[in-house]
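Numbers here simply count residues along the sequence, with the first being 1.
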Amino acid sequence: MTVGETTAPLGAVGPDEVEEDLRRNVGRGVVWAAVGNIVMRIAGICVTAVVARILSPDEFGVFAIALAVFVVVTSLAELGMASAVARSVIEPEDIAGTVSSISILVSFGLATLMAVFAGPLAGVLGMPDAEGPLRVMSICLALTGLFAVPGAQLVRDFRQDRILWGMLAGFVPANVVLIVLAQMGQGALAFSWSRVVGQVVTGLVFVACLDRRYRPEWRPELVGPLMRFGLPLALANLINWTLLNADYLVLGRLLTAEQVGIYMIAFNVAGWSTAVLGSVLNGVVLPAFGRVGDDRERLVQTLVSATRLVALVALPIAACSVAMAPNLVHTVFGEKWADAAPVLSVLAVYGACFAFTLLYVNVLVAIGATTQLLLVQVAWVTVLVPAMIWGTTVGGLVGAAWAHIAVVLLVSLPAYLWAMRSRLGRLPATLGLTLVRPAMAAGAAGGAAWLCGSWIADPARGLVTGGLAAVGVYLVAARSMIEQDLPEVTRFMRKLIPGRSTTTAVSAPEQSLRVGIVLEGLALGGCPINAIDLARTLRARGHHIVIIAVDDEVSVSVLPYAEAAGFSVIRIPATGGLFRRARHLRRQVRRHDLDVLHVFAAWLGRGAVLACGPGRHRAAVVHNWLMNNEFPVTVRTSLVVGTGGLHQEALDRHGPRSYLLEPPVDLTRDRPDADAAVAFRREHGLAADDLALVLVGRVDALPRAQELHGVDKLPGIMLAMDALVERDDPRLRLVVVGDGSGMARVRQRAGEVNRSLGRPAVVLTGSLADPHPAYAAADIGLAMGGSALRVMAHATPLIVLGEAGFSRLCSAESVEQFTADGYYGRRAPERPVVEFLAHLDALADFHTRRRLGEWGLGFVSDRYGLEAGADHLEAIYRESLAHGDSWLVRLGDVGYLAARDLLGRVGRRVTLSSGAPS
């Protein structure tokens, strides 16, 4: 970083997901980021050249130490949480206030400590004169937290134009202060005060440029998820900035202030390539990677293309810096800085290598691999510090520069490749081969620059002539890459983020949708899991998805599952009637500019219709995966049901806007897993020869069970325990995985069964955040509803349970009943236990179980795949939007539903006042 350069508040990096037309913004972001960096870099070089002729190298060295401490401490100023504001999977409205509060508290606390301990810290670093500059820089530290969220908002929106204006607005007064104070003899303090002025002006311009501002607030439920995301990133940033400044901290102890100042000039010039690429990578490439974070193949393709882009820029800058180092230093900074030239010749190579590490940092952040990033940074700094000490001791400043190159080539770059491979799989050989042609062109350009500089005695003329020769040679040598490769990179990056139509009716398949998926509560269960799985799949296709849930108290929450899928759940109050519920939903519809509001509960349907209309055309979709049909809305609202029988009834009673979508199965997660099965059986005391009957699901007593699921699972569990007592086979074990209001009765009966049999025949595990190992461990699955499909997805034979002692083996002969009526039964057999035991006897043979399990896996794969479900849901959304009912018709529907709700409430009050049972 050049001494005259101002920076945006740290933490303002991350992906975008908010702009109306993301393709246009990516292109605009690339241009503004590149232009902004070039303008600021050139301006910073000019200011540095002026100040370098006023101040001495030792004054530069004092400020270098103060700046090193500042940037290391500032990496913790907002604990990495501002990046969460800019991530595409999290909406700023949900977290910006809490992030702002945390950032301000942390940065003000760190600033206080830095100001109080400035003297001792400067003494430890071997530079006592740095005490004053450190105290002034603590003001900048406090400002970092104050402006963290505004900076992140601009980066999220690809507003590099506004960022550039803010930087320019701060640059001018900051450097006026710098030059004036330098001429007044303030030395290193001139740098510090210029930073304060620049950061204040830049931050205020950022705030003024925002379309929406967020006040600090405190939502305790967000602190944990934010910490889990931000702390690894903050620690990685800490190590990253320690890496960037470890040389100054080491040199401050081993060398004089004058030598540190010389090293600072050389390092700044060597970092030109990184500075040119930095904002492009942070502000544009990172969001592009974040957009394809669920698609490994596209991520790898993006990585190869981005590596080529970095090579095309970084390698020629490095080659020319090596070739023209003496002329460059003499011309720009003056004769007294001549000792910086040999250091620059080495550090220029490091600058090019560091540009690639910056790219890979962005990749790891975009795919959420902050832990791996932290490990790489720890390894880097662990090796760098002793290498710097050894290099400085042996070779002085040049030795320190060679230590940098050795560590980045032998440790850092291989470690980053390892970290990416751990998440992306095997990286293609083209990742390395893509560097060959840019390196050859850069070498030719550097050779031309060296020849011209050597032949011309005057440093300034040699610099200009060599630079022009290098540009000419590089354009010729890299012509094919510039004409073919660079446009290919640009086109590919623009394809990464699909645009969004601004029309009211969405019909073209390439247009992305903005969808709000509404859960009826926070309880972990099959329906919310399916909804989140569908949401995740739709988001991977480029759609903007937000998850909304009715806030209620539950024993086992779906929030961790949603968080693991990358969603921050927006909660709306559970209390209040239709109009209050509709008001909360409409607020989210407007805030996120939703096209579709999809509610996964029939009782939320009226509120969804009221929230969507009238006004700009939006579609409400009502989803009912219960075992009974409900028709809470008008026939003009799309209604989705889960079985063939219910679909036929819905077509007869609701009309043509009735759709069938059977509960999908995520076949990448729900699949046979021998290792998980062994671990689960060992953990819960299941022997290898035990025949494990496994039932997974939420267990609620009536009427709560029918409210949540439309099914009552208690009779099936009781039936299975009665069968264990009847058969008394020591090999039979029943495992119940789940929780709910009905578990008290299950625990009581399980205790009775275990005491009666004298062994732990029934195992109760409670609810599991990931029930996949339980399914994998089952020899026979007992299930109903969506859980039945997950049993079959694990290649496990299935006995479907239901009401009044119903049980039936699911096979090719019986599956037609379940596809029509759902994986549930209401027929009451004469002898339920005998019928259940007959199904167990039919599955006694291992080969029979294996054959039936393989059939079930094939059946589920063909019919219930998650991708097929997402295809069908996309079609439902687009067809619902394409209907395009008039404003007057939608207003009539809203009035009808409101009147219907009002009459219903009046009727209930009349009934209660008359004393009749409600």
Side-chain angles (χ1 to χ4, degrees), residues 2 34 37-38 41-42 45 263 265-278 280 307-333 337-359 397-398 400-406 408-409 413 432-486:
T2 56
N37 264 281
I38 292 172
R41 179 57 54 184
I42 293 174
I45 292 170
Y263 185 85
I265 290 293
F267 199 92
N268 282 336
V269 177
W272 284 355
S273 60
T274 303
V276 170
L277 289 166
V280 176
T307 299
R308 184 185 305 123
L309 174 64
V310 171
L312 285 170
V313 177
L315 295 184
I317 293 177
C320 292
S321 297
V322 171
M324 299 188 294
N327 290 343
L328 179 61
V329 170
H330 186 279
T331 301
V332 176
F333 302 108
W337 296 96
D339 290 342
V343 184
L344 172 59
S345 298
V346 179
L347 283 178
V349 178
Y350 169 76
C353 296
F354 187 78
F356 291 101
T357 68
L358 181 61
L359 167 64
L397 295 179
V398 175
W402 278 112
H404 261 305
I405 294 177
V408 76
L409 289 178
L413 286 173
L433 295 176
T434 194
L435 302 177
V436 174
R437 292 172 63 200
M440 293 175 63
W450 179 81
L451 287 174
C452 291
S454 301
W455 289 341
I456 300 175
D458 182 67
R461 289 167 52 195
L463 177 65
V464 173
T465 305
L468 292 175
V471 171
V473 170
Y474 186 71
L475 289 177
V476 173
R479 178 179 177 181
S480 62
M481 291 179 287
I482 295 172
E483 291 179 348
Q484 300 174 14
D485 296 343
L486 194 55

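The neighbour count for Trp337 CH2, taken as heavy atoms of other residues, nucleotides or ligands under 6.0 Å away, is above 12.
Here the side chains of Phe354 and Val408 are not in contact, with every heavy-atom distance at 4.5 Å or above. Contact annotation: the side chain of Phe356 approaches that of Leu435 to within less than 4.5 Å [non-hydrogen atoms, C-beta and beyond].
Across all their heavy atoms, Ala323 and Gly446 have their closest contact at CB-O, 3.2 Å. Taking every heavy atom of both residues into account, Pro438 and Tyr474 meet most closely at O-CE1, 4.4 Å. Annotation for Ile265 and Ala340: closest pair CG2-CB, 4.4 Å, computed over non-hydrogen atoms. The shortest heavy-atom contact between Ala470 and Ala449 is CB-CB, 4.0 Å. Heavy atoms only, all atoms of each residue included: Val473 and Ala445 are closest at CG1-N, 3.8 Å. Between Ile405 and Val346, the closest heavy-atom pair is CD1-O, 3.1 Å.
Ile456 CD1 to Leu451 CG: the interatomic distance, rounded to the nearest 0.5 Å, is 11.0 Å. The structure places CG of Leu397 at 13.0 Å from CZ of Phe267, a figure rounded to the nearest 0.5 Å. Rounding to the nearest 0.5 Å gives a distance of 11.0 Å between CG of Leu312 and CD1 of Ile317. With rounding to the nearest 0.5 angstrom, the SG atom of Cys353 is 4.5 Å from the CG atom of Leu409.
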Legend entry - Tyr263 and Leu347: CA distance, side-chain angles, deciding distance, side chain to side chain contact (heavy atoms under 4.5 Å, CB included) verdict: CA-CA 10 Å; Tyr263 185 85; Leu347 283 178; 4.0 Å; yes

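Under the rule for a side-chain contact (heavy atoms from CB on, under 4.5 Å), the partners of Pro459 that lie at least two apart in sequence or sit in another chain are Asn327, His330, Thr331. With sequence neighbours excluded, the residues satisfying side-chain contact (heavy atoms from CB on, under 4.5 Å) with Val322 are Ala348, Val349.
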